[in-house]
Each structure stands twice: as structure tokens, then as C-alpha cells.
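Throughout, protein chains are lettered first and strands after them, A, B, ... in sequence-line order, and every chain is numbered starting at 1. Small disclaimer: the values here were computed from a predicted structure and weren't measured.
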2 protein chains.
Amino acid sequence: MRADAQRNRDRIVEVARALFRAKGFDAVSMDEVAKGAEVGPGTLYRHFPTKESLYDAVLEAWAGKVNAAVDRALSLDASARERLLTWLTEYAAMLTEHKGAAARITAALGDPGSPFAAKCTTYVNANQRLIDGLDSALRPGVEAIQISRLVGGVAAVVDNSELPADSMAPMLAIVADGLLAP
Amino acid sequence: MRADAQRNRDRIVEVARALFRAKGFDAVSMDEVAKGAEVGPGTLYRHFPTKESLYDAVLEAWAGKVNAAVDRALSLDASARERLLTWLTEYAAMLTEHKGAAARITAALGDPGSPFAAKCTTYVNANQRLIDGLDSALRPGVEAIQISRLVGGVAAVVDNSELPADSMAPMLAIVADGLLAP
DNA sequence: TTGCCAAACGGAGAGTGTCTCCGTATAGTT
DNA sequence: AACTATACGGAGACACTCTCCGTTTGGCAA
């Protein structure tokens, strides 16, 4: 990639990250991103053929954080319930870090054609590692993608309704208790 | 209201209901509704100043069904868990009856300014009656709006991802067990 | 340094969507 | 039958995503 192209790409992602974080996916227009990055719309679309692919680039850094978080939670010296709740809380917090991300990522969970497919795999794998790590403490038969969807659903609701972050805690506690063996 | 206006209004709602049910909120354009109802866009917007207000009119009939469903579930001769699960299942099924409704209604749950405010109140009240009816079987401190959000979240995920309806059952079971006293 | 050209740029505009304005038509009353 | 408040409908304003293509430029080779 030519140096000017790389510079433009970097600037676009940086501007887009700030805008998406502040206003949410829907409220940001591509023109706005282009103007902010001081490029024409054509240049923006050369780098990112759709708005979602731009969003994907913005979310790029997340995947690594997810695996770190599940490791941290599993290695805690605490009860299964506490470790589970720690992870669910961190997972939900990451999903609500950018407005609109929770619903989009969660909706794409089972769709290999989605631009977020790679991120979805990361999330589901993290939950699978959680299941393996907590082992018999969880109810039998629970699947990683169900956990991903439950927490994603809660995060999406809180995000959409613009609720304070701490309103998630009681709902995550309900989910956690439901996930533990009856 | 003049008779011709009433006829047009009725026809608009009828056409919109069919379109929304078939294609989902986002995929239906107002022009499409206007054409289907054989009125001009101006007429459509005279009756429904925004697309959401049209959606609200389409969902009008639901409120009554919700109260009937919670009564039915509570009066079952069964365990608390079974009655709870019956209601959650019916509630979620109603939310996914129209594509896109679950996320929209659930996002509006705490917002009195929303066009769906009346419906939200109905839903939350139904869950409050559930809490009152199941009494001490539920974990202490659980709130009606939390149940509304949890089930709404699950329904929205299933709806967004176009999953089969029966994929909701295991997630609702987790929520139900989490809601019952630990 | 100079010249070349593939790569990148950017803006006009096509296509689609929501919603408005206002001149025209008509229902219902006197 | 005339009158008027009410309703109609279509042109178009405005916003948004995305495309096409003529113009510019970075980086390499002579």
C-alpha cells in the first residue's frame, strides 16, 4: 500500500472510532467520517467498501482483549459463581464500549457471511473456554453461543436504552444463576 | 374524522401490518406502504407523522393479548417454574411476532417519550402481575422491568439473527431458573 | 534528477429513503 | 345547490450510502 494511502486509512479509522464511540453507528454518516478525515467520499469507500466494514476495522483491537479477560476471570481464586459473574460483567462491558456494537455483533453471531464473523468466532470461543474452565459447575448442555446471545442481548438492551452501566448487574446476576447447575 | 379519511387510515394500517410482518420494520419503505394502500405519501404522513407512529398503530392489537397471556399462565395448575416458563415463552413469542418489534419495544421500555410508551407500560405491568402472582417463588428484589428487558433481549437477538423460534427455549430456561429464588 | 505510470484521490451524481408544502378535490352541512 | 373545512396527492427538499471517472501523485527506474 502506498504511504499516502496508509496514512489516509489510519486517519479514517481514527476519526471513525471517535465518532462511533461518541454518537453510535447509526448516527454517524460516511460523509461525516470523510470530512473529519479530510478525504473525499470516494477515498473512504476505496478503503472501506461498506459502512460495516469500516466499523469492523474500528473494532479490530477488541478481539485480543476478550481472550485476556476470560483468562483473567477463570484464573481468579474464587467461587465458580464469582468467576462466571466476573467474566459476564467484563464481556458485557466490552460489548457496550461502542454504542450500537452489542446488537450488531450479537445479531451476527451465527452468520458466517457477516463482516463481523471473525469477531463473533472470538467471542463464542471465549465463552467455550469459559464452559470448559468452569466445567461441572454449569448446568449440563449449555452452549457457548447461548451464553454469547444471552449476554449480548442484555448488553444490547442496556445500550439501546442508554441505561447506566450498573443497571446491567442485576440482570447479569440472573443470567449467571440460571447458568449454574440447578 | 371524515369517512374517506377513516377508510384510508384503515387501509394503510392493514397494508402496513402485512408488509411489516413479512419484511420487518427496516425493509419496508413508507412509499411502499403508500403505494400498497393506494394513497399519496402526503396522505400517509397526514395520518402517521413518522414511520414509528405507523408501527405503533400496527401493534395496537397486542396490548390486550399480553394481559390475557399472563392471566392464563398464572392460573395454570403447575409449579412456579412451569408457570413462569409458560409466560416467558408466550411473552417472547409475542415479541417476535413482527420482525423488528422486539428490539424496538424493548429499547423503549424506560422512555416515556417513545411512541411505544403505552405498550411498554402494558408489558412491564404484565411482568409486575407475574411477580405478584408467583410471589415468594422468585428471587427477592427482582423488578418487572428487568424481566421485560431480559426476555426482550433474548427475543431481539433471536429476531435479529433470524433464528428458529425453538432456539429461544434453552435461553428462556436459563432466565427462568435465574429468576427463581437461588 | 527526471520521467513514467500504477495507484490513489475526490467530487459530482445516481439511487433510495423520510418527510413537507401547497394547490386541488371532495365530504358533509346549510 | 352552494359552501367550507377537511383530506388528498404529487413534486420536491433534504439526508444518506455508494459509484464512476477524470485528475493528481507517490515511488521507482533510467
Side-chain angles (χ1 to χ4, degrees), chain A residues 1-20 22-59 98-101 103-104 107-108 113-116, chain B residues 1-20 22-59 98-101 103-104 107-108 113-116:
Chain A
M1 189 181 299
R2 244 165 60 174
D4 55 341
Q6 184 67 55
R7 272 196 307 274
N8 279 336
R9 204 198 118 101
D10 292 348
R11 219 168 46 248
I12 288 169
V13 171
E14 193 183 339
V15 166
R17 190 195 318 277
L19 286 172
F20 283 143
K23 308 171 62 174
F25 184 82
D26 288 335
V28 174
S29 80
M30 292 295 263
D31 267 18
E32 203 176 347
V33 175
K35 282 216 167 56
E38 296 176 323
V39 300
T43 301
L44 174 52
Y45 277 92
R46 156 176 295 272
H47 287 292
F48 304 101
T50 66
K51 192 177 176 183
E52 298 224 316
S53 69
L54 171 59
Y55 203 42
D56 189 59
V58 166
L59 300 184
H98 287 62
K99 256 181 78 60
R104 248 156 245 285
S114 153
F116 305 130
Chain B
M1 189 183 299
R2 241 165 64 173
D4 56 341
Q6 183 67 56
R7 273 196 307 273
N8 279 337
R9 204 198 119 100
D10 292 349
R11 219 169 46 250
I12 287 169
V13 171
E14 194 183 336
V15 166
R17 191 195 318 276
L19 285 173
F20 282 144
K23 308 170 62 173
F25 184 82
D26 287 335
V28 174
S29 80
M30 292 296 263
D31 268 18
E32 204 176 347
V33 175
K35 282 217 167 56
E38 295 175 323
V39 299
T43 301
L44 174 52
Y45 277 92
R46 157 175 295 270
H47 287 291
F48 303 101
T50 66
K51 193 176 176 184
E52 298 225 315
S53 69
L54 171 59
Y55 203 42
D56 188 60
V58 165
L59 300 183
H98 287 62
K99 256 179 77 61
R104 250 157 244 284
S114 153
F116 305 129

Where each residue is assigned the nucleotide of DNA chain C containing its nearest heavy atom, which of A/Q6 and B/G42 is assigned the position nearer the 5′ end?
A/Q6
Of B/P49 and A/R46, whose nearest nucleotide on DNA chain C comes first from the 5' end?
A/R46
Distance check needed: [N] [atom2] versus [X] [atom1], whole Å only.
{"X": "A/L44", "N": "C/dG11", "atom1": "CG", "atom2": "C1'", "result": "13 Å"}
{"X": "B/D4", "N": "D/dA5", "atom1": "CG", "atom2": "P", "result": "17 Å"}
{"X": "A/F48", "N": "C/dA8", "atom1": "CZ", "atom2": "C1'", "result": "14 Å"}
{"X": "A/E38", "N": "C/dG10", "atom1": "CD", "atom2": "P", "result": "10 Å"}
{"X": "A/R9", "N": "C/dG10", "atom1": "CZ", "atom2": "P", "result": "16 Å"}
{"X": "A/M1", "N": "C/dA8", "atom1": "CE", "atom2": "P", "result": "7 Å"}

Crowded around B/E38 CD? As in, over 12 foreign heavy atoms under 6.0 Å?
no
Counting only heavy atoms not in A/Q6, do more than 12 fall under 6.0 Å of its CD?
yes
So, OP1 or OP2 of [N]: does either fall under 4.0 Å of a side-chain N or O from [X]?
{"X": "A/H47", "N": "C/dC9", "answer": "yes"}
{"X": "A/N8", "N": "C/dA8", "answer": "no"}
{"X": "A/T43", "N": "C/dA8", "answer": "no"}

Compare every heavy atom of [Y] with every heavy atom of [X], then report the nearest pair and how far apart it is.
{"X": "A/V33", "Y": "A/V15", "answer": "O-CG1, 4.0 Å"}
{"X": "A/V28", "Y": "A/L19", "answer": "CG2-O, 3.5 Å"}
{"X": "A/A16", "Y": "A/V58", "answer": "CB-CG2, 3.9 Å"}

Rounded distance (nearest 0.5 Å) linking atom CD of B/E52 with atom OG of B/S114
6.5 Å
Applying a 4.0 Å non-hydrogen cut-off, can you work out what B/A34 is touching in the nucleic acid: base, sugar-phosphate, or nothing?
nothing
Just by protein heavy atoms under 4.0 Å, how would nucleotides 12-17 of chain D read 5' to 3' in B, S and -?
----SB
Between the base of C/dA8 and the side chain of A/R2, is there a donor-acceptor distance below 3.5 Å?
no
B/F25 and B/F20 aromatic ring geometry - parallel, tilted or perpendicular at 30°/60° bounds
parallel
